[in-house]
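A short write-up of the structure that comes next.
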Amino acid sequence: MEYNHKDIEARWQQFWKDSQVYRAEIDKSRPKFYVLDMFPYPSGAGLHVGHPLGYIASDIFARYKRQKGFNVLHPMGYDAYGLPAEQYAIQTGQHPEVTTRANIARYREQLDKIGFCYDWSREVRTCDPGYYKWTQWAFMQMFNSWYDRSQNKARPISELEAHLAARGTEGLNAAQSKELHITAAEWNAMPEKERRQALMNWRIAYQGNSVVNWCPKLGTVLANDEVSEGVSVRGGYPVEQRQMTQWLLRVSAYAQRLLDGLETLEWTDSLKETQRNWIGRSEGAEMRFKVKDSDLELEIFTTRADTVFGVTFMVLAPESKYVQQLTTPEQREAVEAYLEQVRHKTERERQIEKKVSGVFTGAYAINPLSGKEIPVWVSDYVLAGYGTGAIMAVPAHDSRDYAFARHFNLPVVPLIEGADVSEECFEAKEGIICNSEGPTLNLNGLTVKEGIARTKQFIEEARLGKVKVNYRLRDAIFSRQRYWGEPFPVYYKDEVPYLMDESALPLELPEVPSYLPTESGEPPLGRAQGWHTPDGFPIELCTMPGFAGSSAYYLRYMDPHNNDALVGREANDYWQDVDLYIGGTEHATGHLIYSRFWNKFLFDLGLVCRDEPYRRLVNQGMIQGRSNFVYRIKDTNTFVSRGLKDQHDVTPIHVDVNIVSNDRLDLEAFRAWRPEYKDAEFILEDGEYLCGYAVEKMSKSMFNVVNPDDIVERYGADTLRLYEMFLGPLEQSKPWDTNGIDGVSRFLKKLWNYAEKALADDPQRPATPEELKAVHKLIKKVSADVENFSFNTSVAAFMVALGELTATKKASRHALELFVRVLAPFAPHISEELWHQLGHEGSVVDAEWPSWNEDYLKESVVKYPVSFNGKVRFTIEQPADAPREVVQEAALSNPAAAKWLDGKEPRKIIVVPGKIVNVVV
RNA sequence: GCAGAAAUGGUGGAAUGGUAGACACGACAGACUUAAAAUCUGUUGAGGCGGAAGCCUCGUGCGGGUUCAAGUCCCGCUUUCUGUACCA
């Protein structure tokens, strides 16, 4: 019988479905193992061959763990809220839910064909009311919580109110938007509205007026991780800075814990490093500069406290509140003009130009250490959102300050001995300090490091400021002026936000007649009929961002049908956390930060049992496309083969990779591809047309998209799975090239032939030593490889082992059975088929993972024999703990060594303490 | 600029400090076939010696170093990819 993948795969996929073998239930008699894929956003284009890479890897691991005796949870779902569906809805008027549903159906169909062992009974969709009820619920908990820095955890807002009523802000150590001083008496006298406004200063989900990334084209604000190089990640539209009232999550309160938690995780160093950079911890000092002839003080943050004597001017961010307060009447016109100019620049323009610009406010500050007067300027190179929005400028030792000083002709005072600042600044944080003596402090002669410590100490003693740790990580902007997202369970009374009652959850997304903003510029929900509470109070018009739904989905999989809790206690206690998480690095600064934050918050409230959600994380690489080109001779319809193209003036044109095989163009298919190529002429080499190629992103416009359905149809799911793993290391980016797939396809056919022989063998005949050696070597190799995610070498090991087995000319059922057990995670369909042909009931997913026996693997001890210049040199492995003489004696008396010694005395013996003896004969 | 990863045949890629190039593709040659496809066998890093079995030299981006032994470890470069950036 021929190997018929279609027949085998259809049959066993049906069997798995009918017998529900992948269903996971709590079973306290077995250890749990939770394998999770980052769930996909179901786009309209469907899956291409690059998408399943990570899913195949996690599927292999999940099956392997199950065979090792673990109770495996391996779920899948959809991140269903998102911009593309909404944009499509705006264009077509079709409800995003309709397109999302259709896309999900298509995804499911494609996924099913590959034979994954997902427990689909646990599927979640972020746009399901039964799911987003818990997203809304989590938001409510955050609204009702504040972060206590003393206890380092989130606490109920009622406890904060009690504190304020009893002692005001005294003794309060909380994460907050700004420093407030309120006495108990003041608090108790406050009307309800004012109290609620004040509490926003501490809530973990709070409303704040801050500078945000506004994308006019998308008509919404965006979080920092949704903006890259000044344009939106989705769509690539320009983004500008705007001051707006928004919902935010106080992620910054968790900055230190998010940093510390990384130490406990088995993630790659590069990913941890990316998160560390994003969190951006910097230690420094916050200090105040008095403003001349004024009661005002400017607060700044610096990491270089040692350079205060070199501060020759100060700079405010254009958005800083100090700007209005400080600007003198003479300078007001110039400052206003500058602010206007800055406002009109988009973020992208600001970044690309990098032109030095700024304006003098007319005010002077006093350098607290030197006592000198220094001018205060405004410039857009200072960011409003970081630190205090004001800086002390040290032009001699900071390149931005240096450029600014040179442009506006401000003084530059070097502070490090020997530093030449006539051409450029000296940025290195080393050297001996000079020019740093004032009435109260002298730093001359100290190193930079000593200088920083000394100054920090002085600042605290002299009450000029305090030592402070700053983080780059900002609070996450949580409102989106869009339709297709979770509605906020919030209404407004007296213009102050109130939470709805929990019984109102889920607050379902209403229908709207159009998905565009309203005429008055309100979000699309402004068009919804009856979008108010029964009492007539208006409901929030913004919806939540994409990361809201994906932040706790891993918890929901543990207990997806629970209507009373996000996750039940019993389910959470059993499944605990994700043991293995697989997905792309693109989520490093978005989802993976927010999700960790969200989980830590729930942990603080005692709702989940683990502080970190994803213990081990593996990033699969991107699969790129491999595009093919034909070369058209200019102004003709003649195409010249790759090798001859330099002799002509040609234009390369992308050609569909599906009509090219091994870079050879199918001429007839090409003529039929497009009407304009119907009469194409070709200049061939050796009778063939060779196409050029390039590695590019896989996309429709490059005609290099390969669809997994086509591969499954032609070669089978097992072949697809093996080939995706065989392509190269999982973590590495690599181009897809269908050409190599014949190799694994042949392997499965050979296996099928071998199995036919083995199945016909006498069941009583024991396996030969050669067979046992081949199979046990395989088990050992694959066991180690799977643990290390080295799936490509596993696939190679299968090929080698099969080659060795066929070379023995024997084929026993015993060898086949062991082979099938280790192959099962990689190629489940053919393994299931052979497992049953071997006479087993049940599924191969429950076949025990075999162990190997070292006795079958023993080899000669003589290794690496080399001969050179008439000498022979070989190495003998010996036990590590024996003394040199013993090792040498044992090595020379070894029978295998005798062959190489050939009766002669060795000329030189090198004993390497530990394990190796080199003998030169 | 900063951070991380990487560089090995025509191609994708293997190598706990121990015979570099496993495995696969492609290519070449052969078998089967009227022929093609499929399948099978052999060769395939470069250069050289030999009738042959076989043997020698050189070879893992570049330059140094450690070691009996380096693709692997250390120092200094070059290039590529990824992330990030007026973060004071």
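Hydrogens, waters and symmetry mates play no part in the numbers below; they use all other heavy atoms, side chains included.
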Item checked: Along RNA chain B (nearest heavy atom to each residue), the more 5'-positioned of A:Arg474 and A:Tyr693 -> A:Tyr693

Margin query: Using 30° and 60° as the class boundaries, would you call the ring planes of A:Tyr723 and A:Phe726 parallel, tilted or perpendicular?
Written below: tilted

Note to self: Could you tell me how far B:C56 sits from B:U8 if I compare only their C1' atoms? Round to whole Å.
What the structure shows: 23 Å

Check: C1' atom, B:C23 versus B:A29: distance in rounded Å?
Finding: 22 Å

Looking at [X], I'd like to know whether one of its side-chain N or O atoms comes within less than 4.0 Å of OP1 or OP2 on [N].
{"X": "A:Tyr381", "N": "B:A88", "answer": "no"}
{"X": "A:Gln732", "N": "B:G13", "answer": "yes"}
{"X": "A:Asn792", "N": "B:C23", "answer": "no"}
{"X": "A:Thr268", "N": "B:A5", "answer": "no"}

Checklist line | Aromatic centroids of A:Tyr402 and A:Phe404 separated by under 6.0 Å | finding: no

Next item on the list: Take nucleotides 35-42 of chain B nucleotide by nucleotide from the 5' end and write B, S or -, depending on whether a protein heavy atom sits under 4.0 Å from the base, only from the sugar-phosphate, or from neither.
Entry: ----SS--

Check: Is B:G54 in the syn or the anti form, by the rule that syn lies within 90° of 0?
Finding: anti

Next item on the list: Find the distance A:Glu299:CD to B:A88:P and express it as a whole number of Å.
Entry: 17 Å

Notebook entry, point to check: What residues form a ring-ring contact (aromatic ring centres under 6.0 Å, His included) with A:Trp752, not counting sequence neighbours?
Noted result: A:Tyr3

Notebook entry, point to check: Would a 4.5 Å heavy-atom cut-off, applied to side chains only, mark A:Val378 and A:Val342 as touching?
Noted result: no

Next item on the list: May I ask you to list the residues of residues 393-406 of chain A, by number, that have any heavy atom positioned under 4.0 Å from an atom of RNA chain B?
Entry: A:Arg400

Next item on the list: Both distances under 3.5 Å, Watson-Crick or G-U wobble: on that basis, could you give the dot-bracket string for RNA chain B, with [ ] for crossing pairs and | for other-strand partners?
Entry: (((((((..(((.....[....)))((((((.......))))))(((((....)))))..(((((..]....))))))))))))....

Just list the side-chain donor-acceptor pairs under 3.5 Å for residues 386-394 of chain A, sequence neighbours left out, or say none.
from, atom 1, to, atom 2, distance (Å)
A:Tyr386, OH, A:Ser282, OG, 3.0
A:Thr388, OG1, A:Glu299, O, 2.6
A:Thr388, OG1, A:Ala390, N, 3.4
A:Thr388, OG1, A:Ala390, O, 3.3

Next item on the list: For A:Arg281, check salt bridge (charged side-chain N to carboxylate O under 4.0 Å, His left out) against everything at least two apart and list the hits.
Entry: A:Glu283

Next item on the list: Verify whether one side chain among A:Asp785 and A:Thr793 offers a donor that lies under 3.5 Å from an acceptor in the other.
Entry: yes

